[in-house]
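Structure first, commentary second.
Just so it is clear, the values below take in all heavy atoms, side chains as well, and ignore hydrogens, waters and symmetry mates. Read the numbers this way: they start at 1 and go in the same order the structure lists the ligands and their atoms.
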Amino acid sequence: MKLAIPRERQDGETRVAASPETVKKLVALGLDVTVESGAGALANFSDAAFQEAGAKIASSEAEALKDADIVFKVRSPLDEEIGLFKKGALLAAILNPYGDHARIRKYADAGIDAFAMEFMPRITRAQSMDVLSSQSNLAGYKAVINAAAAFTRAMPMMMTAAGTIAPARTFIMGVGVAGLQAIATAKRLGCIVSATDVRSTTKEQVESLGGTFVMVESEESGDAAGGYAKEMSEDYKRRQAELVAEHIKKQDIVITTALIPGRPAPVLVTEDMVKTMKPGSIIVDLAAERGGNCPLTEAGKTVQKHGVTIIGELNVAGQLSVDSSALYAKNLLNFITPLIDKETKSLNINWEDEIITGTCLTKDGQVVHPSLREGGN
Ligand code: NAD
């Protein structure tokens, strides 16, 4: 059975869906692995390293995808790439199903069985396949590093003969995987760290990392299924905004990471709040891809507004292309391994398994995911 790893073609994508380490393991599973030449170039994985791990190198994408039964990608294939897939091929990638509805239909029409890795259910068995976790963790770290690079002051307290430098006050909004890593990174850099979330379970996590928890006192719970958050009531949002407005004035760096599955990112930092921040403060908006937690954020750009630098870079995990590729590749390896029959070395999928029903978008020419079918989300 042939497994192909093409070079990514979406603008700004630096990652690749396999590493030499995972190729070795895929080959050991009995798969014929083909990597398109240059696929790993931006993640420092050379063709030679893939070849040494047991892959064939294809000189074009058409050659890589020809007759491939399984295709690993980071992002959705472009329209012109879809035509290169074999009918019945299994595609595993980050497919942005809520944002890219039309393309999902195209997979069905092309007879591609497409699996969206970001829909991986949050169950223990699937933890090692969870691409949102592996990528958000790196993004949370890099967000703080990017803030430090743009900040015109030092992060830690420094007591010198020439005077004392105050530590930077860093506020993390949204304490999921990215937020927790941002807290840990900001602490390691010597910041005074505070954080907020709508899920009350995060209080203990923030405090265990040495941060102060800032939260609206309310009976309302922000917990939805799978560890995700739900949209809060108007009353809660108003009270949260008041609390944040007071707190944000005193902050030097704000890292926002708040997301609600299937919905635009909630607005947490309004323009009025930005106006109250000290000149030279930094906002890193990790929710930029989903509309941003600050309305002044411009996706893919760094802008100055009211004396504040607002960083809305996209694909922040991709800035650490070696680590993000290696972890993403591992997620895909862990996803495919149980689907390969050890005897026949071919795909043997249990279509009832919740990992499959949770991630499978299209099958046999139909859009099958419940949240994408008519009447779904
Ligand atoms: P996410 O990326 O969906 O959202 C980021 C954070 O923003 C969440 O903590 C969310 O509660 C918060 N948020 C949403 N709306 C907000 C608002 N209005 N104000 C403040 N904060 C808001 O979350 P995530 O990183 O995917 O993690 C969610 C949870 O799932 C975490 O507790 C994580 O540990 C857990 N998790 C579990 C598994 C597993 O069991 N396999 C895997 C990964 C993550």
Quick test of your reading: applying salt bridge (Lys or Arg N to Asp or Glu O under 4.0 Å), list the pairs with at least one residue in residues 143-170, sequence neighbours left out, ordered by first then second residue. R153-D252

Quick check on I123 - does any of its heavy atoms sit under 4.0 Å from an atom of ligand 1? yes

Atoms in ligand 1 with a heavy atom of V177 nearer than 4.0 Å: 24 (P), 25 (O), 27 (O), 44 (C)

Within-cut-off N or O pair, Q240 and ligand 1, under 3.5 Å: yes

Quick check on S133 - does any of its heavy atoms sit under 4.0 Å from an atom of ligand 1? yes

I need the contact type for P266 against ligand 1. Using non-hydrogen atoms and a strict under-4.0 Å cut-off, is it side chain, backbone, both or neither? side chain

Mark the output for L132 as yes if a heavy-atom distance to ligand 1 is under 4.0 Å, and as no if none is. no

Any side-chain donor paired with an acceptor under 3.5 Å for Q205 and T201? no

Within the structure, does T196 bring an N/O atom to less than 3.5 angstrom of an N/O atom in ligand 1? no

Pairs of nitrogen or oxygen atoms closer than 3.5 Å, one from A229 and one from ligand 1: do any exist? no

Counting both backbone and side chain atoms, is some N or O of R199 under 3.5 Å from an N or O of ligand 1? yes

Can E289 and R75 be counted as an ion pair, charged N to O under 4.0 angstrom? yes

Mind checking whether M173 has a heavy atom under 4.0 Å from ligand 1? no

Would M232 count as a polar contact of ligand 1, with the cut-off being nitrogen or oxygen pairs under 3.5 Å? no

Nearest heavy atom to atom 5 (C) of ligand 1: which of T202, N293, T257, V198 does it belong to? T257

Excluding sequence neighbours, so at least two apart, what forms ring pair (Phe, Tyr, Trp, His ring centres under 6.0 Å) with F335? F115

Please round to the nearest 0.5 Å and tell me the distance separating atom OH of Y141 and atom CG of N146. 9.5 Å

Could you check whether any heavy atom of Q127 sits closer than 4.0 Å to an atom of ligand 1, since that is the contact criterion I want to use? yes

